Amino acid sequence: MKFSIAVLPGDGIGPDVITEALKVLRVVAKMSGHDVDFRFGLVGGIAISQYGTALSLETLKMCQESDAVLLGAVGHPQYDDPQAEVHPEDGLLALRKGLGLFANLRPVKVYPVLVDNTNFKPEVVAGAEFVFVRELTGGLYFGRPKKQWRTSRGRQAVDSMLYSEQEIERIVRVGFEIAQGRGKKLISVDKANVLESSRLWRQIVIEISQEYPDIELEHMLVDACAMSIIQNPGYLDVLVTENTFGDILSDEASMLAGSMGMLPSASLAGVPKEGIKIFGMYEPIHGSAPSLTGLDIANPIATITSMAMMLRYSLGLTKEAEAVEAAVEAVLDDGYCTHDIMGEGKIKVGTGKMGDLIVSKVGG
Ligand code: IPM
Ligand code: MG
């Protein structure tokens with residue numbers, strides 16, 4: 001088969017980690033007899049400096065015409081001024097909305113070799129492995145009204161946590177489908193004791209749950225969930241939640257894994273089901289870390305495992321996805337690490353060498 005992949009390295013360490021993911025992807029494609037055509041584009045700060053916009057229409061179109069999008073990271077301190085007209089992050093939001101990527105999967109996995117790399121007791125984090133299903137194109141990020149204005153008594157601002165029935169339904173279905181393929185347990189996270197949008201959310205979750213009688217459903221309030229993530233992460237399996245809650249909880253949960261450089265993500269335009277290929281965008285959850293750019297320091301693992309998610313969900317190459325994930329685990333088990341996951345007795349390597357090691361395990 002021939003696949004076309006839109007590659008948007010973005011800012012900071014984005015290009016560093018993308019280079020390694022492409023290395024691995026080329027080898028996987030060659031081994032499995034597929035052709036991959038890479039189309040490169042700009043997003044984020046680099047696109048602002050080149051085109052004056054964080055995502056050009058041409059780049060969006062190129063992504064729409066590809067089988068999947070692989071993205072590095074966006075963001076640069078040069079564009080951090082809240083007064084600025086455009087921000088690198090606008091590019092990311094425009095991609096999510098423009099490509100209809102409503103379902104964001106963020107798996108959290110504590111690799112056995114990294115249990116001593118966190119701020120938590122090893123016995124608390126050991127074995128934790130769960131996934132967030134985060135709604136990505138609704139809620140506070142996109143709801144209207146969204147504005148600032150002046151009144152005689154000072155400035156005011158509003159963001160709207162707006163959700164339609166259809167928006168909730170489709171993300172909740174993704175939650176149930178993912179739960180179906182894992183431990184058959186779904187936790188829906190909301191704030192139904194206070195928010196109207198959460199009350200509608202909970203009602204719809206209950207309605208959809210009728211279609212999935214074999215899935216055990218639990219509702220959890222978002223504040224209690226924040227506590228549960230660090231108190232008893234081993235209890236969690238699949239969590240489905242709205243955009244802002246998912247943003248905050250997934251950063252919190254990333255700390256269990258020892259480094260943000262370990263966590264991948266997939267943003268999908270449909271409900272994943274066995275045997276169906278879905279358009280998606282794949283990126284590490286870490287940011288652009290400008291101070292590490294080009295120093296051969298950044299950890300490429302999250303980008304490589306994001307690419308594995310792309311193989312699984314958008315290209316239908318499940319076996320190849322598993323091979324990449326196994327290769328990552330094998331390299332870690334051999335004691336190799338990048339600076340962010342350094343530990344006693346481990347062998348520290350740079351970005352490029354980590355990529356080479358993973359390639360050699362995939363190839364061997
Ligand atoms: C994320 C990021 C983004 C978000 C920012 C960069 C817009 O924090 O992907 O979690 O808030 O969704
Ligand atoms: Mg975030």
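Indexing begins at 1, ligand by ligand and atom by atom, following the structure's order. Sequential numbering from 1 along the given sequence is applied to the chain's residues. Computed from a predicted model, the values in this text were never measured in an experiment.
- The two residues Thr137 and Leu101 make their nearest non-hydrogen contact at CG2-O, 3.5 Å.
- Remark: distances from the non-hydrogen atoms of Arg134 to ligand 1 include one below 4.0 Å.
- Contact analysis puts Arg96 in contact with ligand 1, with a non-hydrogen atom separation below 4.0 angstrom.
- There is no side-chain donor-acceptor pair under 3.5 Å between Arg134 and Ser250.
- Residues Met262 and Asn117 are not in side-chain contact: their nearest non-hydrogen atoms beyond the backbone lie 4.5 Å or more apart.
- Contact atoms of ligand 1 toward Arg106: 1 (C), 9 (O), 10 (O) (distance under 4.0 Å to a heavy atom of the residue).
- Side-chain contact, Glu58 with Tyr51: no donor N or O sits under 3.5 Å from an acceptor N or O.
- Among the atoms of Asp247, an N, O or S atom falls under 2.8 Å of the Mg ion (ligand 2).
- Of the protein's non-hydrogen atoms, Asp247 OD1, 4.0 Å is the one closest to atom 2 (C) of ligand 1.
- Annotation for ligand 1: atoms under 4.0 Å from non-hydrogen atoms of Glu89 are 6 (C).
- At least one test fails for Lys185 against the ring of Phe130: distance under 6.0 Å to the centre or angle within 45° of the axis.
- Within the cation-pi definition used here (under 6.0 Å to the ring centroid, within 45° of the axis), Lys191 does not qualify as a partner of Phe245.
- With hydrogens left out, the protein atom closest to atom 11 (O) of ligand 1 is Tyr141 OH, 2.5 Å, a heavy atom.
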